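In this text the structure is predicted, and so the values were computed from the model without any measurement.
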Amino acid sequence: ATAYEFILTSTPRPGVGQITINRPKALNALSTPLMKELNAAVKSFATDGKTGAIVLTGSERAFAAGADIKEMAPLTFSSAYKTDFIQLWSDLTQCPIPIIAAVNGYALGGGCELAMMCDIIFCGPKAVFGQPEIKLGTIPGGGGSQRLTRAIGKSKAMEIILTGKNFSGKEAEKWGLASKVFETAEATVEGALETAETIAGYGGVAVKAAKEVVNQAYEGNLAEGVKYERRMFHALFATKDQKIGMTAFAEKKKPEWSHE
Ligand code: CAA
């Protein structure tokens, strides 16, 4: 196993990789070295041939309290622009297998953005979401203005981003940002692991295609998306798993996925 400094990795259930952000002294602030480790861990799970879904979580106190403000404080326009600061965060969105964010505690600024880069958000009763960048004299830089607006609509996103006010896990769920809110922090992580295990139990080709077509809906327009989905649906008739799944149904058997 690779030793990381700012994250922990494990395989708590068959086919499920867990990544736990572990920088407690800074409430899991997402520094560049931390994000590099996170990208490496995601890539490693996504390419090991065994992992079908990933759970990304933090501590009970903080999923992540944002990008690292101390790292950003001295940046200039030129240095940020030249290095395309924060661009490496987008690596996460290229992960072919589903990632479930299990959010407890603070998910602020870049922490909220990181959760929104995942495919599903589950949260606990004490989750605190927000985009407080305006209070620091800046704006969201990790896709927050785009993803929050798509998730909860313009008026709410404007209010949150312009006031910097936090919102609760319950609100996140009510507004459709999070798909579920659990009763305790532990239940949140357990629930995410359980859902990840369900997903990892299906044929990997269909799971990848399902993630891809939902992302098409999220990112593109409706007419293109419907066509894209239909073409992907057609393509899946070329897979072994489609034959395995439909034959098993007809024979009243449990499918043994080939992932091909
Ligand atoms: N970056 C760097 N360090 C951070 C941090 C961050 N985002 N958030 C917390 N920390 C550090 C604190 O500086 C403190 O360190 P020291 O002990 O060395 O002083 C430690 O974590 C504990 O934090 P607090 O003492 O502040 O804990 P608290 O319980 O009193 O408050 C909090 C918790 C309300 C979350 C508060 O820490 C806070 O407001 N954090 C910043 C939240 C924020 O503004 N996030 C957005 C960052 S900007 C961004 O993310 C840009 C982008 O879009 C990419």
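- Side-chain atoms of Lys211 come within 3.5 Å of backbone N or O of Cys95 as a donor-acceptor pair.
- The residues Arg13 and Glu190 are annotated as salt-bridged, a charged nitrogen and a carboxylate oxygen being separated by less than 4.0 angstrom.
- Distance alone, capped at 3.5 Å, places no donor-acceptor pair between the Asp68 side chain and the Ala29 backbone.
- No continuous path of hydrophobic side-chain contacts links Leu56 to Ile199 [ILVMFWY only; heavy atoms under 4.5 Å].
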Sequence neighbours excluded and cut-off under 3.5 Å, please list the side-chain donor-acceptor pairs for residues 120-140, or say none.
| residue | atom | partner | partner atom | Å |
| --- | --- | --- | --- | --- |
| Gln131 | NE2 | Glu133 | OE1 | 3.3 |
| Gln131 | NE2 | Glu133 | OE2 | 3.1 |

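- Judged by distance alone, the side chain of Thr198 and the main-chain N or O of Glu194 form a donor-acceptor pair under 3.5 Å.
- Under a 3.5 Å cut-off, the side chain of Thr188 and the backbone N or O of Thr184 do form a donor-acceptor pair.
- Taking OG1 from Thr57 and CD1 from Ile7, the interatomic distance works out to 13.0 Å, rounded to the nearest 0.5 Å.
- Contact annotation: the side chain of Arg23 approaches that of Ser31 to within less than 4.5 Å [non-hydrogen atoms, C-beta and beyond].
- Note on ring orientation: taking the six-membered ring where Trp is involved, the planes of Tyr81 and Phe77 are parallel (angle under 30°, cut-offs 30° and 60°).
- Atom CZ of Phe45 is separated from atom OG of Ser10 by 6.5 Å, given to the nearest 0.5 angstrom.
- Residues Pro98 and Ile54 form no side-chain contact, since every pair of their non-hydrogen atoms from C-beta on lies 4.5 Å or further apart.
- Remark: side-chain polar atoms of Thr93 are paired, donor with acceptor, to backbone N or O of Ser90 under 3.5 angstrom.
- Counting only distance, with no hydrogens or angles, the side chain of Thr195 and the backbone of Ala192 share no donor-acceptor pair below 3.5 Å.
- Within 6.0 Å of CD on Glu60 lie no more than 12 heavy atoms contributed by other residues, nucleotides or ligands.
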List the atom pairs, with distances to 0.1 Å, where a side-chain N or O of residues 144-160 and a protein N or O form a donor-acceptor pair under 3.5 Å, not counting sequence neighbours.
| residue | atom | partner | partner atom | Å |
| --- | --- | --- | --- | --- |
| Thr149 | OG1 | Ser145 | O | 2.5 |
| Arg150 | NH1 | Tyr218 | O | 2.8 |

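- Looking only at side-chain heavy atoms (C-beta outward), Asp119 and Ile100 stay at 4.5 Å or farther from each other.
- Partners of Lys174 by side chain to side chain contact (heavy atoms under 4.5 Å, CB included), not counting sequence neighbours: none found.
- For the 3.5 Å distance criterion, the side chains of Gln18 and Thr20 qualify, holding a donor opposite an acceptor.
- Residues satisfying the ring pair (Phe, Tyr, Trp, His ring centres under 6.0 Å) test with Trp257, not counting sequence neighbours, are none.
- Placement of Tyr4 and Leu92 within a single hydrophobic cluster is found when ILVMFWY residues are connected by side-chain heavy-atom separations under 4.5 Å, directly or transitively.
- You'll find the side chain of Leu108 reaches within 4.5 Å of the side chain of Asn166, heavy atoms only.
- A distance of 9.0 Å separates CD1 in Ile21 from OG in Ser59, rounded to the nearest 0.5 Å.
- For His259 (side chain) and Gly204 (main-chain N/O), a donor-acceptor pair under 3.5 Å exists by modelled atom type.
- By the criterion of side-chain heavy atoms lying less than 4.5 angstrom apart, applied directly or through intervening Ile, Leu, Val, Met, Phe, Trp or Tyr residues, Val103 is not grouped with Phe182; the two fall into different hydrophobic clusters.
- A continuous path of Ile, Leu, Val, Met, Phe, Trp and Tyr side chains, each step under 4.5 Å between heavy atoms, connects Phe63 with Met116, placing both in one hydrophobic cluster.
- Side-chain polar atoms of Glu71 and Thr32 form a donor-acceptor pair below 3.5 angstrom.
- Taking the side chain as every heavy atom from C-beta outward, Leu114 and Leu30 approach each other to under 4.5 Å.
- Judged by distance alone, with hydrogens and angles left aside, the side-chain atoms of Asn28 form no donor-acceptor pair with the main-chain N or O of Gly58 at under 3.5 Å.
- Applying the ring pair (Phe, Tyr, Trp, His ring centres under 6.0 Å) test to Tyr228 and every residue at least two apart in sequence or in another chain returns nothing.
- Under the 3.5 Å distance criterion, the side-chain polar atoms of Ser258 are matched with a main-chain donor or acceptor of Glu260.
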With side-chain contact (heavy atoms from CB on, under 4.5 Å) as the criterion, how do Val16 and Thr11 come out once you've worked through the C-alpha distance, each side chain's angles and the decisive distance to 0.1 Å? CA-CA 6 Å; Val16 177; Thr11 302; 5.8 Å; no
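- Within 6.0 Å of atom NZ in Lys170, 12 or fewer heavy atoms from other residues, nucleotides or ligands are found, so the atom counts as exposed in its surroundings.
- Residues Ile99 and Ile19 fall within the same hydrophobic cluster, defined by Ile, Leu, Val, Met, Phe, Trp and Tyr side chains chained together at heavy-atom separations under 4.5 Å.
- Nearest heavy atoms, Ala209 versus Leu236: CB-CD1, 3.9 Å.
- In this structure, Ile244 and Thr239 have side chains that are not in contact, with every pair of non-hydrogen atoms separated by 4.5 Å or more.
- When all heavy atoms of Gly142 and Ile86 are compared, the closest pair comes out as CA-CG2, 4.2 Å.
- Looking at heavy atoms from C-beta onward, Tyr202 lies out of side-chain contact with Asp241 at the 4.5 angstrom threshold.
- Nearest approach of Ala200 to Gly52, heavy atoms of both residues: CB-CA, 3.9 Å.
- In this structure, Glu113 and Trp89 approach most closely via the heavy-atom pair OE1-CZ3, 4.4 Å.
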Determine all donor-acceptor pairs shorter than 3.5 Å in which one atom belongs to a side chain in residues 34-41; sequence neighbours excluded.
| residue | atom | partner | partner atom | Å |
| --- | --- | --- | --- | --- |
| Glu37 | OE1 | Glu5 | N | 3.1 |
| Glu37 | OE1 | Phe6 | N | 2.8 |
| Glu37 | OE2 | Glu5 | N | 2.9 |
| Asn39 | ND2 | Leu88 | O | 3.0 |
| Asn39 | ND2 | Asp91 | OD2 | 3.4 |

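- Within 6.0 Å of CD in Glu183 there are 12 or fewer heavy atoms belonging to other residues, nucleotides or ligands.
- Residue Gln216 comes nearest to Gly225 through the heavy atom pair CG-CA, 3.8 Å, listed as atom of the first residue, atom of the second, then distance.
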